[in-house]
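No experiment lies behind these values; they were computed from the predicted model shown. All values below were derived from every heavy atom in this structure, side-chain atoms included, with hydrogens, water molecules and symmetry-related copies excluded. Chain letters run A, B, ... following the sequence lines, proteins first, then strands; residues in each count from 1.
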Protein chains: 2
Amino acid sequence: VKIQRPPGMRDFYPDEMRLQNWLLEQWRSVSRRFGFEEYEGPIFEFLDLYRLKSGEGIVSELFRFEDRGGREFAIRPEMTPTLARMVAARANALPRPIKWFSLPRMCRAEKPQRGRLREFFQWNVDILGVDDPLADAEVIAVAVEFFRKIGATKDDFVIRVNQRPLAAAALQALGVPPEHVQDAFELIDRFERVEPEQFAKAWDQALGAHVSARSVYDILHSTTLEALLETARQGGHAGAQDADRLTALWTRLADLGVQDSCEYDVRIVRGLAYYTGTVFEAHAKGTALRALLGGGRYDDLTGMLDGPKVPGVGFGMGDAPVLEFLRELNRLPDLSDTLDVFVIDADRSLFPQALQIVSDLRRAGLRTDYSYKRAAVAKQFRQAVARNAAYAVVVGSELPQSGRLTAKDLRTGQQQQVVADAFRRDPTEALRINPP
Amino acid sequence: VKIQRPPGMRDFYPDEMRLQNWLLEQWRSVSRRFGFEEYEGPIFEFLDLYRLKSGEGIVSELFRFEDRGGREFAIRPEMTPTLARMVAARANALPRPIKWFSLPRMCRAEKPQRGRLREFFQWNVDILGVDDPLADAEVIAVAVEFFRKIGATKDDFVIRVNQRPLAAAALQALGVPPEHVQDAFELIDRFERVEPEQFAKAWDQALGAHVSARSVYDILHSTTLEALLETARQGGHAGAQDADRLTALWTRLADLGVQDSCEYDVRIVRGLAYYTGTVFEAHAKGTALRALLGGGRYDDLTGMLDGPKVPGVGFGMGDAPVLEFLRELNRLPDLSDTLDVFVIDADRSLFPQALQIVSDLRRAGLRTDYSYKRAAVAKQFRQAVARNAAYAVVVGSELPQSGRLTAKDLRTGQQQQVVADAFRRDPTEALRINPP
């Protein structure tokens, strides 16, 4: 019986795994530099957790199942509900600020088709317990630093930033009734991914009675930050506060040295209902099709779980879009499997001694391997080269008399005799071959 | 609405996550030293993959579900079927030996009760394509090196090794018919975890017609390796070959310097049907209740997937038993969250400069944080200490005039002035505070 990999799922053979681990390590390393701590949660949660956050509509996008007790679960499609549950459970005990990141794997029941993954990894970064726009600036700065670290410059990507209350005010000023603002956000969220006619049709169908697609289209194409701030300030106290928050965010982005990677963009509203303030996305420059990351401020996520109100801001970045972005930039790292030492026995009878040396090297922390089949020395050297070993150490027939081994630097070709006892005691020191 | 964590699942808050990451990193590091490469697979597979390997009985232990197309999947309960599928799919292209490890998370539909986890992580180590007992010795040596690395000595654990064909021959010599040997293995596998009366009852019920529980009990308590090898050699050519393989394994374990952590034990047979040669388990000394790892040789795992026959040997080690083992030994590592630098602004008006310095430090790779709330210097110092920062850097009112910052080593209390420009260019160098 031949059984395939499930559709939309990935296998990570060692070549792909090295790249995946490299990406996870970049995410982890940048997060730690910014003082974030890592957390994780279960691969599945009670189905109700997702219903509660996203409504009944989410259920068809989930892989769900019951246990024998009839309890309903779903494989996590995102990390935020788990974060909310974990923070709500210890809301009073956790010291503020809560600066957490996670690298979860998650699944969505996408229709299997080319390029649509059912399983993916995501970098999640969140700051909870801080209402100040400084926290919004911090999470944006982490994202920018990640892009810099992987070799992308500000010519390659842009963080597009908006603020939902300001966008809501602008839409209401146009005539969108308050109760339809979320519908408008969801339509605008799809704006760049559909044809203008499609957008106009969908808008007019849903909200044409209040505002024409044409007027919205104009706003989405021409609104500047200055114009929006001006409108907001004219809108009274609340509007002025929102404008001040966005201005403060802009200053903090400059202080943190990332403002030149950010742009104000009224078209970025994010579809999800729970964002309450700043929203942002990263895009590869020149393509607006697919966000490299998306996030924003949510000020009552834990409240939905009967926890105390904890303000938060964060983002999620999927692995597949980032790797595709790097592929297009031709900046994927060159990662080969390597060894520190490949041990060669020049004579079958020396194999037990070779194994003892292998063990010493491994115990000293060196990545060490050898041929599992006894073979000619030349063939073993070829294996050493094929495995990208830095050194080959030859256990030769002179060992019993001279107590010496031959060490060859496979990059320079330089070769030297080393005293076996000293080598076994401290191989790292002994391998420091003198320069030519 | 209050929604709980699903029963039997774990949350990893930052404290638990550091420990989990530490364990995964030990596994990864030891595997790499031995020249193993990491791989991963999907979190769920077609249900039929598990049916095929383990029979219909496995289905009730799985979390299973369908997609909208009616295809049946299950969250993986173990990694071996995925390994078999991945190797079978590329059997002819993969260079030999295939030395792979993985650190998968997986789920079993255990009845939720105290101490029974429904989700866990497992270290999987396998060598495929090598029939030589040397490969069996290598995977056992990786396990021993792991125990050494985490601080366990040979007084703390033992690898108990057996060989299935020899055990089968001994059972048949007693009178167990060949077609019941697998049943006998499954009973013996539970031998140490049940009361003697329970074992006797189960045995006599299943196999009492052929051999009494009493005779098996005697064998399980008294058989030495020498006696077993002798019996096998008397059994003709096949028996002699099996005896030679076990002898060769014993020699290789000595060559690799791990034989003193291994014991021959006729009671170790493993329940799973697919093992065909060497079988082994690790146990904490003094407790036979729970295996720390289990593994063995399987010579036709890929064959069940219509792949070419590829011999293999490997083991799996769960995270929970190992952490429990370390807890009992009082050898859990002390892992705190730490920072390299905590930046303090002595004056609210200097905060933007402080943020610029924070950015420079982070970009230079230093884990750097600061207070999100403007607070008195003394309070910020307390925060620096609470976060386990190695250094506090104070941005003081002298900065604009003198161009200097104050750096304090929080471990020694030593304090010095550093030139801000040089510090921002190369903070690592600048922080090298002179010894007192």
- Whether A:Y370 and A:F351 hold their rings parallel, tilted or perpendicular, with breakpoints at 30° and 60°: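 Tilted: the ring planes of A:Y370 and A:F351 meet at 30° to 60°.
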
- What orientation do B:F73 and A:F63 show, parallel under 30°, tilted 30 to 60°, or perpendicular over 60°? perpendicular

Does any backbone or side-chain atom of [X] lie under 4.5 Å from a heavy atom of chain A? Answer side chain, backbone, both or neither.
X: B:I127; answer: side chain
X: B:P97; answer: side chain
X: B:Q353; answer: neither
X: B:L361; answer: neither

Pick from [options] with the largest number of heavy-atom pairs that fall under 4.5 Å of chain A:
options: B:R33, B:R5, B:M17; answer: B:R33
options: B:F36, B:Y372, B:W100; answer: B:Y372
options: B:A135, B:C107, B:P6, B:S359; answer: B:P6
options: B:G307, B:P7, B:A89; answer: B:P7
options: B:F12, B:F65, B:F44, B:Y13; answer: B:Y13

Are [X] and [Y] packed together at the side-chain level, in the sense that at least one heavy-atom pair is separated by less than 4.5 angstrom?
X: A:D126; Y: A:K99; answer: no
X: B:L355; Y: A:R252; answer: yes
X: A:R105; Y: B:R105; answer: yes
X: A:D11; Y: B:R85; answer: yes

Contact class of [X] relative to chain B, heavy atoms under 4.5 angstrom:
X: A:P14; result: both
X: A:I357; result: neither
X: A:F342; result: neither
X: A:E119; result: side chain
X: A:E138; result: side chain
X: A:R64; result: backbone
X: A:R68; result: side chain
X: A:M304; result: backbone
X: A:L366; result: backbone
X: A:R51; result: neither
X: A:N21; result: side chain
X: A:K149; result: neither
X: A:D369; result: side chain
X: A:E145; result: side chain

Please identify, among [options], the residue contributing the most non-hydrogen atom pairs under 4.5 Å to chain B.
options: A:I43, A:L256, A:D67, A:D360; value: A:I43
options: A:L52, A:T82, A:V341; value: A:L52
options: A:M9, A:R362, A:E40; value: A:R362
options: A:R18, A:Q356, A:R148; value: A:R148
options: A:E16, A:R118, A:K2; value: A:R118
options: A:R10, A:R363, A:R387, A:R32; value: A:R363

- Item | Verdict with reasoning, A:R116 to A:E110, per salt bridge (Lys or Arg N to Asp or Glu O under 4.0 Å) | CA-CA 7 Å; A:R116 283 272 184 94; A:E110 297 274 357; 3.1 Å; yes

- Item | Cationic tip of A:R71 above A:F46 ring, under 6.0 Å, 45° of axis | no

- Query: Would you say the side chains of B:S102 and B:E38 form a donor-acceptor pair under 3.5 Å?
  - Reply: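 B:E38 and B:S102 do not have a side-chain donor-acceptor pair below 3.5 Å.
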
- Between B:R367 and B:T338, does any side-chain donor sit less than 3.5 Å from a side-chain acceptor? yes

Give, for atom [atom1] of [X] and atom [atom2] of [Y], the distance between the pair rounded to the nearest 0.5 Å.
X: B:D337; Y: A:E37; atom1: CG; atom2: CD; value: 3.5 Å
X: B:I140; Y: B:D136; atom1: CD1; atom2: CG; value: 6.5 Å
X: A:L339; Y: B:F34; atom1: CG; atom2: CZ; value: 13.0 Å
X: B:S371; Y: B:D345; atom1: OG; atom2: CG; value: 7.5 Å
X: B:M86; Y: B:R90; atom1: CE; atom2: CZ; value: 7.0 Å
X: A:E45; Y: A:K53; atom1: CD; atom2: NZ; value: 12.5 Å

- Short side-chain to backbone donor-acceptor contact, B:T368 and B:V358, under 3.5 Å: no

